[in-house]
Each structure stands twice: as structure tokens, then as C-alpha cells.
Undergrad: 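The structure that follows is given in the form of C-alpha cells.
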Amino acid sequence: MPELPEVEVVRSGLAPAVTDAVITGVDVLDERALTRHDRVRGDFATLLTGRRMLGAARRGKFLWVPLGSVSGLTGTGATAVSGRTTVPGSIAVPGATAASDAPGEAILLHLGMSGQVLLREAGTPLERHARVRLSLEHPVHGELAVHFVDQRTFGSLALDTLVATPDGAAGGFGVDLCSVPSQVAHIARDPLDPAFDDMRFFAALRARRTTVKRALLDQTLISGVGNIYADEALWAARVHFEQPTASLSSRKARELLAEVRAVLQKALAEGGTSFDAQYVNVNGAAGYFAHSLNAYGRQGQACARCGGTIVRATFMNRSSHYCPRCQRVR
DNA sequence: TATTTTACCTGAGGGC
DNA sequence: TGCCCTCAGGTAAAAT
């Protein structure tokens, strides 16, 4: 499932292909892929066509592509047929940097449960669950296509407005701009973000009247952590998933945050976690971190640390995996 | 206001 | 073989 490492793998693969590319066409194959897009702003395809992409950024599990101004050719021939908007002719503007390129908008993207962003050569046949296709003209790589593929349709794209970050730091990983899409503004920074405030996180943990795994999954407290890496970090820190946050000692809270960072970084180094075809990088390749899991999905198997048996418990209508011998509520 | 629960969604896999 | 049911889980809205 796409959590921070998987989304970062997608971002880093996407960035070189989209930076300075111009969107020459947008195919919306399934409107459900645009549930985050506010139709009042206008038609998604029309709004995007002719825009220049300035890079690829990420905070937690959210991705966004800041956009430059509409190219000079937009409005000279953009057509929309059955959801397809196309600007005829070459509209690549390599190296163009106008004052109007100040990014005020971005393509927002969330992979949901099963979303994939695939980088394809122009004309590549669409995948079975392809929802949106962006056709690009890149000054170096030429014609490219970005396919947004999503089996369960929990993922979504939108054109969103960028808003300033309250702390004045860069909005996310991959950009220097001190702004984030409005739909990401309420999401906390992720623990790999240099601007993540450890002390603020610890204070929030103490103030919450909840349990530790709920807190780790709360994207307004710390972003990027999902069910898999929450279980792994809790296992590594020897913390039970139902430990009340207010009862965590300062030392244990620091240890837990360190383990969250460690597990995310290790997963990132291994290309993310793939259990099936639901997570792949922009080239369609799977990650290897599933081989390194110590708790998630290992119910009935021996704990690698103490030899106890890993248990799967029901938690928030999903699952939680832990070792009852070395992860106890204290 | 803070926290918890539910809806959304599709395909794989198991049981009959 | 085919049908039905359960399960997976991130986000946001609804409920408590």
C-alpha cells in the first residue's frame, strides 16, 4: 500500500520526466479519479492543458506538481472531445521562465490504496485500470505520457491552489517553494522532512487522549505513516499498539519517532513495500521491503527478536500485527 | 471540541 | 463453474 516510501519512490521517478514538461493533452478516462477536483474551478482537462510542470513535490502521502503559467498557445486551439482536451502543434517552452511562472497552482495527487503513476512513451496502450492520462512534451525527453492507474479508485487528482506554509519552510520534499496545495495544508509534515518539529510532535502525543497507533496514523499529527510502517515502527520500539499516548515516557516517545524514521528510510532504500501488483514505481517495478518486515503480515510466525508468536488483532476495521511477548502495554 | 466510526471502492481468494 | 461473502486500508465526512 502506498505510504511515504512508496510515494517518495514515485515522486523521485516522476520529477525528472515532468520538470519543464508542458501538458499537451489530458484524457479523463474515469471521473471518479477526480473526486478531489473542485468542478467549480472548471474542467480539469481544460485547466491543465498548456500548463508547464515545474517539478514534483511530496508531503507524507500527498504528491503535487507545481504548475507554471498557461503557455501562449493555450486558447489558440484547445479542444475538448469526450473529455479529451488537446492543444495542436508544438507547445514546448524549453527553459522559458516568465514572471507569470510563479506557481500559484499545482496538480494534486493522492494514490489512495492502489494508485499507480506510470511513466510511458507516447502512444503506449492504456492499462486495464487507467483513470487519467497526461500527454507531455518535454524539452529533452520529447513526447511522454503519464498514466494514473488505480484499481480501487481511492486515489484522486485535482487542480489545487498553493497556499503559503505557516512556518515559512519549504512545503514538502522536492521543492524549495514555501507553499503546499490547499488540500495538504492541514496535513502535518512527515518525519523525514527537515522542518518536522520533534518537540511539537511529542507535546501533541502527551496531549492526546488516544492510543499510540491511532496517533501514528493521524496524518494531522505526523504524515506518511500507514498501517504497515506503523506496525513495523511499533515493533522496533517495543511499543504495544494500544499504549495510551499520554502514558508514553519522553524516552519511549523519542525512541518511537527514531524507529519510525528508521523504518521509513530503510523501506525507501529498498524501493518500498510491494505485496502484489498494487504498488510499483513509475516504471512498473515492485519494491523489496516486504522481505524486511518484522511484524506486518507475519501473524503466526516467530518474532525475530524474542521468538514469541506474532499476532494479528482487529484494529480500526483493519489489522494490527504485534508480538504480545515483547510489545506490552506499560 | 475531540475522538471514533463509517462510506467509499474493486479484485483476490475462500467456501459452498 | 459460478455465486456469494470477506478482506485489504487512506481519507474525509458523519456520528458520538
Side-chain angles (χ1 to χ4, degrees), chain A residues 1-11 29-38 58-64 108-117 126-132 148-158 160 180-188 190 203-234 241-247 260 264 267 272-280 286 289-290 293 295-300 311-322:
Chain A
M1 309 304 163
E3 300 182 32
L4 186 155
E6 292 77 33
V7 180
E8 175 55 27
V9 168
V10 171
R11 188 208 65 78
L29 308 156
D30 190 329
E31 287 288 330
R32 292 175 299 178
L34 300 181
T35 52
R36 288 182 174 276
H37 180 68
D38 182 1
R58 179 193 56 77
R59 175 184 290 196
K61 304 168 194 172
F62 281 89
L63 274 173
W64 67 92
L108 175 68
L109 171 63
H110 195 288
L111 300 178
M113 290 295 302
S114 54
Q116 301 174 354
V117 177
L126 290 164
E127 297 74 12
R128 182 179 175 190
H129 299 295
R131 310 296 184 188
V132 176
F148 177 63
V149 178
D150 189 11
Q151 178 195 99
R152 296 180 203 168
T153 68
F154 277 27
S156 181
L157 288 81
D160 199 3
V180 290
S182 68
Q183 295 182 51
V184 182
H186 69 292
I187 298 295
D190 63 65
L205 277 186
R206 283 194 298 272
R208 288 291 174 101
R209 287 173 297 178
T210 188
T211 49
V212 66
K213 186 170 174 182
R214 283 179 185 273
L216 287 180
L217 296 179
D218 184 345
Q219 304 297 299
T220 66
L221 197 58
I222 180 171
S223 67
V225 181
N227 205 38
I228 298 171
Y229 298 118
D231 280 0
E232 290 304 303
L234 288 166
F241 69 99
E242 288 187 317
Q243 176 85 38
T245 53
S247 70
V260 169
L264 292 176
T273 303
S274 303
F275 294 109
D276 48 32
Q278 293 311 314
Y279 162 69
V280 293
F289 192 70
L293 295 172
Y296 185 87
R298 298 195 70 245
Q299 62 271 23
V311 169
R312 175 185 175 277
T314 299
F315 168 79
M316 289 173 70
N317 286 330
R318 53 204 63 186
S319 60
S320 204
H321 307 77
Y322 71 107

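Values in this document were obtained by computation on a predicted structure and should not be read as measured data.
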Undergrad: Check whether any side-chain N or O of A:His110 sits under 4.0 Å from OP1 or OP2 of C:dT11, and answer yes or no.
TA: yes
Undergrad: Quickly work out the A:Tyr296 OH to C:dG10 P distance and round it to whole Å.
TA: 8 Å
Undergrad: Is any side-chain heavy atom of A:Lys213 closer than 4.5 Å to a side-chain heavy atom of A:Leu234?
TA: yes
Undergrad: It should be established whether A:His186 places a side-chain nitrogen or oxygen under 4.0 Å from OP1 or OP2 of nucleotide C:dA12.
TA: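 It does, given that an N or O in the side chain of A:His186 lies less than 4.0 Å from OP1 or OP2 of C:dA12.
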Undergrad: Using a cut-off of 4.0 Å on non-hydrogen atoms, how would the nucleic acid contact of A:Ser319 be classed: base, sugar-phosphate, or nothing?
TA: sugar-phosphate
Undergrad: Round to the nearest Å and state the distance from A:Gln116 atom CD to B:dC9 atom P.
TA: 20 Å
Undergrad: Which whole-number value in Å describes the distance from A:Leu4 CG to C:dG10 C1'?
TA: 14 Å
Undergrad: With a 4.0 Å cutoff (strictly under), does any side-chain N or O of A:Arg208 reach OP1 or OP2 of B:dT3?
TA: yes
Undergrad: Is it true that A:Arg58 and A:Asp190 have a side-chain N and a carboxylate O under 4.0 angstrom from each other?
TA: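 The answer is yes: the pair qualifies as a salt bridge.
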Undergrad: Rounded to the nearest Å, what distance is computed from the CE atom of residue A:Met316 to the C1' atom of nucleotide C:dC7?
TA: 17 Å
Undergrad: Roughly how many Å is it from CG in A:Leu34 to C1' in B:dC8, rounded to a whole number?
TA: 16 Å
Undergrad: Would one find a side-chain N or O of A:Thr210 under 4.0 angstrom from OP1 or OP2 of B:dT4?
TA: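 Yes.
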Undergrad: Scan A:Asp150 against the nucleic acid and name what it touches under 4.0 Å (heavy atoms): base, sugar-phosphate only, or nothing.
TA: nothing
Undergrad: To the nearest Å, how far apart are A:Asn317 CG and C:dC7 P?
TA: 10 Å
Undergrad: Step by step, would you call A:Glu242 with A:Tyr322 a side chain to side chain donor-acceptor pair (under 3.5 Å)?
TA: CA-CA 11 Å; A:Glu242 288 187 317; A:Tyr322 71 107; over 6 Å; no
Undergrad: Would you kindly compare A:Ala207 and A:Arg318 by the position of their nearest DNA chain B nucleotide and give the one closer to the 5′ end?
TA: A:Ala207
Undergrad: Nearest of B:dT3, C:dG10, B:dT5 to any side-chain atom of A:Arg209?
TA: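 Within the option list, the nearest is B:dT3.
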Undergrad: Taking only side-chain N and O atoms of A:Gln219, does any of them lie within less than 4.0 angstrom of OP1 or OP2 on C:dG10?
TA: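 Looking at the OP1 and OP2 atoms of C:dG10, neither is under 4.0 Å from any side-chain N or O of A:Gln219.
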Undergrad: Kindly say if A:Arg36 contacts the phosphate of C:dA12, meaning a side-chain N or O under 4.0 Å from OP1 or OP2.
TA: yes
Undergrad: For the side chain of A:Arg131 and the backbone of A:Asp150, is there at least one donor-acceptor N/O pair under 3.5 Å apart?
TA: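 Flag set: sc A:Arg131 to bb A:Asp150 pair under 3.5 Å.
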Undergrad: Could you work out which one of C:dG10, B:dG11, B:dT5 sits closest to the side chain of A:His129?
TA: B:dG11
Undergrad: From CG of A:Leu216 over to P of C:dG10, roughly how many Å is that when rounded to an integer?
TA: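 Result: 12 Å.
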Undergrad: At under 4.0 Å, does any side-chain N or O of A:Arg131 touch on OP1 or OP2 of B:dC9?
TA: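 Result: no.
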Undergrad: What are the two closest non-hydrogen atoms of A:Val225 and A:Leu216, and how far apart are they?
TA: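 Shortest heavy-atom contact: CB-O, 3.5 Å.
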Undergrad: Taking atom types as they are modelled, would you say the side chain of A:Arg128 forms a donor-acceptor pair with the base of B:dG11 within the 3.5 Å cutoff?
TA: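 Check fails, no donor-acceptor contact within cut-off.
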Undergrad: Give a yes or no answer on whether the side chain of A:Gln116 reaches the backbone of A:Val149 with a donor-acceptor pair at less than 3.5 Å.
TA: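 Not confirmed, A:Gln116 side chain does not pair with A:Val149 backbone.
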Undergrad: What's the closest nucleotide to the side chain of A:Met113 if the choices are C:dG10, C:dT11, B:dT10?
TA: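 Ranking C:dG10, C:dT11, B:dT10 by closest atom to the A:Met113 side chain puts C:dG10 first.
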Undergrad: Among B:dA2, B:dT6, B:dT10, which nucleotide has an atom closest to any side-chain atom of A:Thr153?
TA: B:dT10
Undergrad: Measure the distance from CG on A:Leu217 to P on C:dT11 and round it to the nearest whole Å.
TA: 9 Å
